[in-house]
Visitor: 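So that we are looking at the same thing, I have put the structure below in structure tokens.
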2 protein chains.
Amino acid sequence: MEDQKIPQVTAKRLPLYYRYLEKLHAIGKKRVSSAQLSEALQIDPATIRRDFSYLGELGKKGYGYNVNYLLQFLRDFLRQDEVTNVVLVGVGNLGTALLRYNFYRSHNTKIVAGFDNDPAKIGTEVDGIPVLSMDRFKEVAELHNVEVVILTVPASVAQATADQIVEAGIRGILNFTPARLNVPPNVRIHHIDLTTELQTLIYFLKKFPVDEESETAREMDEAHKN
Amino acid sequence: MEDQKIPQVTAKRLPLYYRYLEKLHAIGKKRVSSAQLSEALQIDPATIRRDFSYLGELGKKGYGYNVNYLLQFLRDFLRQDEVTNVVLVGVGNLGTALLRYNFYRSHNTKIVAGFDNDPAKIGTEVDGIPVLSMDRFKEVAELHNVEVVILTVPASVAQATADQIVEAGIRGILNFTPARLNVPPNVRIHHIDLTTELQTLIYFLKKFPVDEESETAREMDEAHKN
DNA sequence: ATGAATTTGTGAAGAAGGTAACAGATTGCG
DNA sequence: CGCAATCTGTTACCTTCTTCACAAATTCAT
Ligand SMILES: NC(=O)c1ccc[n+]([C@@H]2O[C@H](COP(=O)([O-])OP(=O)(O)OC[C@H]3O[C@@H](n4cnc5c(N)ncnc54)[C@H](O)[C@@H]3O)[C@@H](O)[C@H]2O)c1
Ligand SMILES: NC(=O)c1ccc[n+]([C@@H]2O[C@H](COP(=O)([O-])OP(=O)(O)OC[C@H]3O[C@@H](n4cnc5c(N)ncnc54)[C@H](O)[C@@H]3O)[C@@H](O)[C@H]2O)c1
């Protein structure tokens, strides 16, 4: 709480900046302007400068931002040096895909285990990550200091599963199910609703068919470029 | 364009309402109030009423909303009766999971084909959906009137692939890669950045550890409940 | 060294979204 | 029927986010 509050949206964009700065660093670029960042990330340069200004005066007038400095600053700010352990519950189609994705290499986030209630899956491994019975959830979560769960169970059991993992002390849930979970106020939930995203995209296309002339549709859509 | 503009956020919530109304309809519920919807969807009742008011006067004072009527209205408005054909490009971990998911049953959206450039995958099927060579993209997309692509290729080839599919006449892209795609203004892109979502969730947990006393963190987070 | 060119940080205005609150319409109980 | 209870639609306000526009600082070319 020692940090002064930064806007929600800014917090969501910081990882984007971080990721791109890593790329710039990798190719040896030493400086970058908000205009160049804007070009690459498709975010208004004023927005970018404002975002950074919440963190301090990170740039220099007439020069721009020093890539190394900014990268290091964001690394610290985002605690990118600390490894975060998470677990995934529901090793089905989507869960397996997520287990196979290497969040660790790119983001210092480690999925230490998957959980499922299907006896056929329990005891197996996905890319070296063990799939365990839900019985062992609390034990394993505590052992690895896990506070965040990726939830990919069927919607029908989402609430019951959420109750169970909250009970075990989990404080954050990345919810891929369409269910709206009811949890205590001290537990944070982020919803990712793939179906709705697809539907919304289709809705806009059907509703506002773009003729080459008009830019309206694109303007309408800018806000979606999170 | 005949429809008066409705706010972005409202458009994103409509499928949510629609989905829940289907559930209500299925269990035979005849009427529902904004307060009840609020309870189930965790959206402020005033927001719900405002959302519906953009579409017309759909409710009745002292009564609430007629489930069947509202459901039918939203079905029409969202064009849920028309089947939308889409294709998926990049049949890897994530792509395969999405192919296996039945968008059709739940949302009248049909993935008619997957595309990949891996010879080992071309010619196979995933749950009855054929995996084809990119060479056939334009032909197949035109045959099935496809305007929307789900993009799940590696980030490194995302831009090149986007160019290729835009060239073939695609007008909407659901982009799962972390790449920020550059496309003509008449093509719509929605980004779904799973990694950033996870990072942002973790960021908030680390930055604002919730003590039972304080609600600050939850307040800060409300906006994420999309 | 000088002055033109850059580029930041931010004040101010605007756009977009959320919500309290209430008039007015309707329901449904007694 | 009469009246309390219910519940919408919307006005008014508030908060959050975006963007314009510009002074101030710095760089860079000559
Ligand atoms: N797959 C997709 O592309 C996709 C798209 C949109 C939404 N979703 C949502 O993501 C969720 C998962 O989808 P999926 O396709 O991977 O489903 P899935 O059925 O393939 O996987 C669900 C997994 O959860 C396990 N499970 C069931 N009950 C459990 C319990 N009580 N405790 C622990 N594990 C349990 C099952 O054994 C299975 O392995 C669903 O809610 C779905 O609506 C998936
Ligand atoms: N899997 C995840 O959980 C996850 C999480 C976050 C982000 N992503 C992103 O989603 C994308 C896909 O991830 P993945 O794990 O499924 O990767 P993957 O490597 O498993 O799948 C990529 C697929 O694309 C195919 N491909 C490669 N080049 C192609 C081309 N030029 N044309 C057509 N197909 C081509 C490959 O053959 C492969 O089948 C990546 O951009 C990744 O960053 C994935």
Side-chain angles (χ1 to χ4, degrees), chain A residues 4-14 16-17 21 24 29-67 69-70 73 200 204 215-216 218-226, chain B residues 4-14 16-17 21 24 29-67 69-70 73 200 204 215-216 218-226:
Chain A
Q4 67 294 43
K5 254 198 315 214
I6 62 170
Q8 292 287 328
V9 277
T10 298
K12 273 190 137 173
R13 282 190 295 258
L14 293 181
L16 245 47
Y17 300 140
L21 284 165
L24 289 181
K29 214 155 176 318
K30 290 276 179 278
R31 61 181 272 194
V32 67
S33 68
S34 61
Q36 292 166 332
L37 290 171
S38 170
E39 171 83 20
L41 300 175
Q42 292 165 40
I43 297 169
D44 188 280
T47 300
I48 295 176
R49 294 200 299 278
R50 170 89 54 200
D51 282 345
F52 290 157
S53 80
Y54 291 118
L55 314 181
E57 307 212 349
L58 305 179
K60 223 193 287 186
K61 300 184 178 178
Y63 177 86
Y65 300 89
N66 178 296
V67 172
Y69 177 75
L70 189 53
F73 188 95
T200 306
F204 276 113
E215 293 272 303
T216 314
R218 186 175 175 86
E219 282 155 26
M220 293 256 337
D221 205 41
E222 288 300 325
H224 281 290
K225 310 198 162 170
N226 64 349
Chain B
Q4 67 293 45
K5 254 199 314 214
I6 63 171
Q8 291 287 327
V9 276
T10 297
K12 274 190 138 173
R13 281 189 295 258
L14 292 181
L16 245 47
Y17 301 139
L21 285 165
L24 290 181
K29 214 157 178 316
K30 291 276 178 277
R31 60 182 274 194
V32 67
S33 68
S34 60
Q36 292 166 332
L37 290 171
S38 170
E39 171 82 20
L41 300 175
Q42 293 167 37
I43 297 170
D44 188 280
T47 300
I48 294 176
R49 294 200 299 279
R50 165 116 22 225
D51 282 346
F52 290 157
S53 80
Y54 290 118
L55 313 182
E57 307 211 348
L58 305 180
K60 222 193 287 186
K61 299 182 180 180
Y63 179 86
Y65 300 89
N66 178 296
V67 172
Y69 177 76
L70 188 53
F73 187 94
T200 307
F204 277 113
E215 292 273 299
T216 314
R218 185 174 176 85
E219 282 155 26
M220 295 253 341
D221 206 40
E222 287 302 323
H224 281 289
K225 309 199 163 169
N226 63 350

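If you're wondering where the values come from, they're calculated on a predicted model, not measured in any experiment. Here is the naming used below: chain letters follow the sequence lines, and residue numbers restart at 1 for every chain.
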Visitor: Please name the pair of heavy atoms, one in A:Phe204 and one in B:Ala11, separated by the smallest distance, quoted to 0.1 Å.
Guide: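 For A:Phe204 and B:Ala11, the tightest heavy-atom pair comes out as CZ-CB, 3.7 Å.
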Visitor: For B:Tyr63, does its backbone N or O pair with a side-chain atom of B:Arg31 as donor and acceptor, under 3.5 Å?
Guide: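 Side chain of B:Arg31 to backbone of B:Tyr63, a donor-acceptor pair under 3.5 Å: yes, one is there.
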Visitor: Give B:Thr10 one of three labels, base, sugar-phosphate or nothing, depending on what nucleic acid heavy atoms sit under 4.0 Å from its own.
Guide: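 No contact at all - B:Thr10 keeps every heavy atom at 4.0 Å or more from the nucleic acid.
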Visitor: Which part of the nucleic acid, if any, lies within reach of A:Tyr65 when heavy atoms closer than 4.0 Å are counted: base, sugar-phosphate only, or nothing?
Guide: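 A:Tyr65: backbone/sugar contact only, no base atoms under 4.0 Å.
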Visitor: Hey, which of these two, B:Ser34 or A:Asp44, hits DNA chain D nearer its 5' end, going by closest nucleotide?
Guide: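 The answer here is B:Ser34.
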Visitor: Round to a whole Å and report the spacing from CD of B:Gln42 to P of C:dG18.
Guide: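 Computing the B:Gln42:CD to C:dG18:P distance gives 15 Å.
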Visitor: Show the distances under 3.5 angstrom between N or O atoms of the protein and N or O atoms of nucleotides 21-24 of chain D.
Guide:
residue, atom, partner, partner atom, Å
D:dA21, N6, A:Arg49, NH2, 3.1

Visitor: State which of C:dG17, D:dT19, C:dT19 makes the closest approach to the side chain of B:Thr47.
Guide: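 The answer is C:dT19, which lies nearest to the side chain.
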Visitor: To the side chain of B:Pro7, which of D:dT19, C:dG17, C:dT8 is closest?
Guide: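 So the side chain of B:Pro7 is nearest to C:dG17.
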Visitor: Sequence neighbours left out, what passes side chain to side chain donor-acceptor pair (under 3.5 Å) with A:Arg50? Give chain and number order.
Guide: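 By the side chain to side chain donor-acceptor pair (under 3.5 Å) rule, A:Arg50 matches no residue at all.
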Visitor: Quick check: on DNA chain D, is the nucleotide nearest A:Lys60 upstream (toward 5') of the one nearest B:Gln36, or the reverse? Name the residue that is more 5'.
Guide: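 Nearest nucleotide further toward 5': that of B:Gln36.
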Visitor: So which protein N/O to nucleotides 12-14 of chain C N/O distances come out below 3.5 Å?
Guide:
residue, atom, partner, partner atom, Å
C:dA12, N6, A:Arg50, NH2, 3.0

Visitor: Please give, in whole Å, the distance from C:dT8 P to A:Leu70 CG?
Guide: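 About 11 Å, once rounded to whole Å.
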Visitor: Quickly work out the B:Glu57 CD to C:dA25 C1' distance and round it to whole Å.
Guide: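 After rounding, the gap between these two atoms is 11 Å.
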Visitor: If you only use heavy atoms from C-beta on, which nucleotide in D:dG9, C:dT19, D:dC28 is closest to the side chain of B:Ser53?
Guide: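 Within the option list, the nearest is D:dG9.
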Visitor: Could you state the CG-P distance from A:Leu41 to D:dT18, rounded to the nearest angstrom?
Guide: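 Whole-Å distance recorded here is 14 Å.
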Visitor: Tell me whether the centres of the aromatic rings in B:Phe73 and B:Phe52 are closer together than 6.0 Å.
Guide: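 For B:Phe73 and B:Phe52, the ring centres are not under 6.0 Å apart.
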